[in-house]
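Atom set for the values below is all heavy atoms of this structure, side chains included, hydrogens, waters and symmetry mates excluded. Throughout, protein chains are lettered first and strands after them, A, B, ... in sequence-line order, and every chain is numbered starting at 1.
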Amino acid sequence: MNIVQLIREVVADSIKKLYPESDSSLDFQINETKPEFEGDYTIVLFSLVKALKKSPEMIGQEIGDSLIQKNPELFESFNIIKGFLNLTITDAYWKSLLFKNHNDICFGKQAMNGKKVMVEYSSPNTNKPLHLGHLRNNFLGWSVAEILKASGYEVLKSCIVNDRGIHICKSMIAWQLYADGATPESTHKKGDHFVGDYYVKFNDVYKAQIAELMASGISEADAEKQAPIMQKTQQMLQDWEAGVPEVMQLWQKMNGWVYEGFDVTYKSIGSDFDKTYYESNTYLLGKDIVQEGLDKNVFYKKDDGSVWIDLTADGLDEKLVLRKDGTSVYITQDIGLAKQKYDEYKIDQSIYVIGDEQNYHMKVLKLIAQKLGLPYADDIYHLSYGMVELPTGKMKSREGTVVDADDLVAEMKATAQQHTETLGKVKDFEPNELIELYETIGLGAMKFYLLRVDPKKKMIFNPEESIDFHGFTGPFIQYTFARINSILRKESNFVAAPSNETLLKLEKEVIYNLEQFGAIIMEAAKTLNPSVLANYLFYLSKSFNSFYTEHSIGNAESEDKKNLRIQLSMMTANVLKNGMQLLGINVPNRM
RNA sequence: GGUUCGGUAGCUCAGCUGGAUAGAGCAUCAGCCUUCUAAGCUGAGGGUCAUUGGUUCGAAUCCAAUCCGAAUCACCA
C-alpha cells in the first residue's frame, strides 16, 4: 500500500472514531504539502467543515491529535494553516521504506490480476516506409503495453498490416511502368524506401495526367477517374481480388521487400508483436456479422442491396456496412477482426492505438458492436493520439514531406555520438560498446521526446531544431543513472544497515519521490498515459541531482550516512532503470 | 453546418477528480569543476492560465456562451 492510501485509511478511521455520528462516506482530499509549508502531506479540511459543523481549525486539531496518538510510527507532527492540516511523516517511516526496498527490482510493480489485454499498435501500410507519426504510435503502443504489464495485466501486443487495397496497387503499377526491373538489391535501397519511391512516382504521374486532361476541358472529378494510370490501378485491384497469378506474384514480391525493410526499422527502434494480422487475410471478415445484424434488425437493406445501420439517434450518421456488390467495407472488417481477436485470445480488453483522425470511425465501431450486443463491445478502447506535424503543417507521404523514421534514428545516433565525443568521458570504450551507447542515448532522446507529451495532444516537430539532450530529456535521466552507477561501482561490498540519523531535507525529498513510483505506474496504467511516468522520472532525477551536488555519498559525514545514501542511490537507480524500461528506453552504465 | 479535441511564460510542455503565492525544460542573464561523471547544480528576469459570464468559503481546473486552431462527418483504408 502506498503512503497516500495509508494516510487516507488512517484519517478516515480517525474521523469515524472522533465523530461517530458523521457520514462514513465523507470524502476529503490529500495533497502533497507545498514546499513553503512544513509537512509532507496535507489534508484539505474544507470539505469536512459542513458535514461536521465545526471550524476547520478545530477539526484539524482533533484529527491531528488523534493521528499522532494512534500512529506515532507514521506521523511525527502536524500544523494547521487556514483549512489545511499539514502532516509530517516520521523519519523512521522513510528510512524503513528505503531499507526494505532499496534493492527490490520489483518495487512499484503490481501482482498479476488475471486480466488479459490486447494492445494493437503500429499498423503500417506496405506501400511506404515508416515516418515520425508511426514512431509516436510505436513508442506509445509499446510503452502502454509495458505499463499495463507492470500494473498486473497479461498483455498481448498485436499489429494489423494494411497490405492490400488501392494504395498498395498504386506503387505496384508505378513499379511495373517505370522500374524497368529494378529491385532493392540492384539499387542498394532499403526495401520499404524502394517501394515508397514508386508510391510517390505514382502520384507525380497521376497529378500530371489529371492536369493534362483538365487542360483539354475535362472537369477535375472526371479527370481523376479517367487518368490512365488510375484506371490501370483500378484494374489491378480487381485482378488482385480475382487472384490473377501475375498480380499476386508482384504483390507478394513487393510486399516482401517492404517487410524486409520494416524488420530492420522495427529492430532498430525495439518494436515487436506477439501477433501480426494481415488485412489480406481479414478483409473478408465480418460478413457473417452483417447477416446477424440483419436478423436482429440492427442493420437494414436498401433497395440496391447495400446494408446500412442508422446511427442518427446517437448523434452520428447512417453508415454503410456492406456494399451493394456484397463486399465488406473498412468498418465491417474491423468488427470481424475485433471478434476474431476476442475468440482467439479471450481478452478482457482490446486497446487500439490509432491516431485521432479516426475518432469517428472507432466510435462507430464500438457503437455497432454494442448495438449488436457483442460480448466484447464495451471492452473496445480507442487510445487516440494527436498527429505529429511539421511547422509547415501535416506530413504527407505522397508529397514526400515526411520525417522518415530511419533517417531520424540515424540522425539521433549521430548527434549522440557527437555529444559523447565532445565530452570525451568514454575514451576507453570498445567500438561495439560505443555503437551501443550512441544507440541507447540517441533512441532514448527520441523516445522520451515523443512520450513526454500527453498522447492526446498533437505535437509539432521542427526538423530544423534537433531534439535536445539537456533538461527535460531522456539523456538527462540516463545521465543521472550512469552517475549513480559510477558511485556504486566503487561500493561493491556494500551491506545495507538501518540508519539512526536524522534525514536531511534533500535526502528525504528523494525518498519521498521514490515512494510514489507505484502510484505513478497505476496512474499511467489507468489513464494509458506514459507521459505521467516520463514527468515523474524527470522530477525524481532532478531531486537526486540536487541531493548529489549538495552531499557526498562516498565521503559522507559518517558511516551511517554513507550507508543510507548508498541505499538511496541504489533505489533511485532501480526506479530510474525500471521506469525508463516502461518507456522502452534503456539506461547505460556509463556515458 | 454537426460532432470531437485543443488554447497556460518568447518557444515546447506539466498542472485540470476545485484548495495555500500557477510550475518545469529550452532560450536570455549571473554564479559553481584542486572532492563521488558539469549531458549536472544554484539563482534572476519572464504570466490578463484565449475572452466573458456563472456556480462557491475558494476556479487555470467545473458549467454556459463567444473567439481562434485542428480532426472528422466516403460504397478510401
Please report the distance, rounded to the nearest Å, between [atom1] in [X] and [atom2] in [N].
X	N	atom1	atom2	result
A/Glu550	B/C36	CD	C1'	15 Å
A/Glu32	B/A22	CD	P	18 Å
A/Gln567	B/C36	CD	P	23 Å
A/Phe28	B/U17	CZ	P	18 Å
A/Tyr548	B/C36	OH	C1'	5 Å
A/Asn545	B/A24	CG	C1'	14 Å
A/Gln516	B/G15	CD	P	14 Å
A/Gln358	B/U72	CD	P	9 Å

Task: Backbone N/O of A/Ser306 and side chain of A/Asp304: donor-acceptor pair under 3.5 Å - done: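 Yes.
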
Is it true that the NZ or CZ of [X] lies under 6.0 Å from the centre of [Y]'s six-membered ring and within 45 degrees of the ring axis?
X	Y	value
A/Lys341	A/Tyr352	yes
A/Arg136	A/Tyr385	no
A/Arg452	A/Phe472	yes
A/Lys302	A/Trp308	yes
A/Arg8	A/Phe28	yes

Anything under 3.5 Å between a protein N or O and an N or O of nucleotides 74-76 of chain B, put it in a table, one pair a line.
residue: B/C75; atom: N4; partner: A/Asp304; partner atom: OD2; Å: 2.8
residue: B/C76; atom: OP2; partner: A/Arg323; partner atom: NE; Å: 3.0
residue: B/C76; atom: OP2; partner: A/Arg323; partner atom: NH2; Å: 3.2

By the 4.0 Å heavy-atom rule, please label [X] as base, sugar-phosphate, or nothing.
X	value
A/Ser552	base
A/Phe476	sugar-phosphate
A/Glu279	sugar-phosphate
A/Thr42	base
A/Val453	sugar-phosphate
A/Gly554	base
A/Met591	base
A/His419	base
A/His382	nothing
A/Ser384	nothing
A/Tyr479	base
A/Asp163	nothing
A/Asn529	nothing

Close N or O pairs between protein and nucleotides 8-11 of chain B (under 3.5 Å):
none

Task: Nearest-nucleotide 5' precedence on RNA chain B, A/Ile460 against A/Lys82 - done: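 The residue closer to the strand's 5' end, by nearest nucleotide, is A/Ile460.
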
Open item on the list: Here's a test of your reading of the structure: between A/Leu316 and A/Asp356, which maps to the more 5' nucleotide of RNA chain B?
Closed with: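 Result: A/Leu316.
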
For [N], does OP1 or OP2 lie under 4.0 Å from any side-chain N or O of [X]?
X	N	answer
A/Lys34	B/A20	yes
A/Arg483	B/A38	yes
A/Thr473	B/G25	no

Task: For RNA chain B, the dot-bracket pattern of Watson-Crick and G-U pairs whose distances stay under 3.5 Å, | for other-strand partners - done: ((((((((.[[[[.)...(...]]]].(((((.......))))).....[[[[[..)....]]]]])))))))....

Open item on the list: Once hydrogens and angles are ignored, does a donor-acceptor distance under 3.5 Å link the base of B/A38 to the side chain of A/Thr549?
Closed with: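 Flag unset: no donor-acceptor pair detected.
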
Open item on the list: In whole Å, measure the gap between the C1' atoms of B/C11 and B/U4 for me.
Closed with: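 That atom pair is separated by 28 Å.
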
Open item on the list: Which residues pass the ring pair (Phe, Tyr, Trp, His ring centres under 6.0 Å) test with A/Phe202, not counting sequence neighbours?
Closed with: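 Ring pair (Phe, Tyr, Trp, His ring centres under 6.0 Å) list for A/Phe202, sorted by chain: A/Tyr206.
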
Task: Sequence neighbours excluded, every pair satisfying salt bridge (charged side-chain N to carboxylate O under 4.0 Å, His left out) that has a member inside residues 35-46 of chain A - done: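 Of all non-adjacent pairs touching residues 35-46 of chain A, those that pass salt bridge (charged side-chain N to carboxylate O under 4.0 Å, His left out) are A/Asp40-A/Lys508.
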
TODO: Would you classify B/C33 as syn or anti? Syn applies when the glycosidic angle is within 90° of 0.
DONE: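 Syn, since the glycosidic angle lies within 90° of 0.
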
TODO: Search all heavy atoms of A/Trp251 against all heavy atoms of A/Ile168 and return the closest pair with its distance.
DONE: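 That would be CD1-CG2, 3.9 Å.
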
Task: Members of residues 535-544 of chain A that approach RNA chain B, where some heavy atom sits under 4.0 Å away - done: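 Going residue by residue through residues 535-544 of chain A, the ones with a heavy atom under 4.0 Å of RNA chain B turn out to be A/Asn535, A/Phe538, A/Tyr539, A/Lys542.
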
Task: Flag side-chain contact, heavy atom, 4.5 Å: A/Met395 against A/Phe461 - done: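 Result no, sub-4.5 Å side-chain heavy-atom pair not found.
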
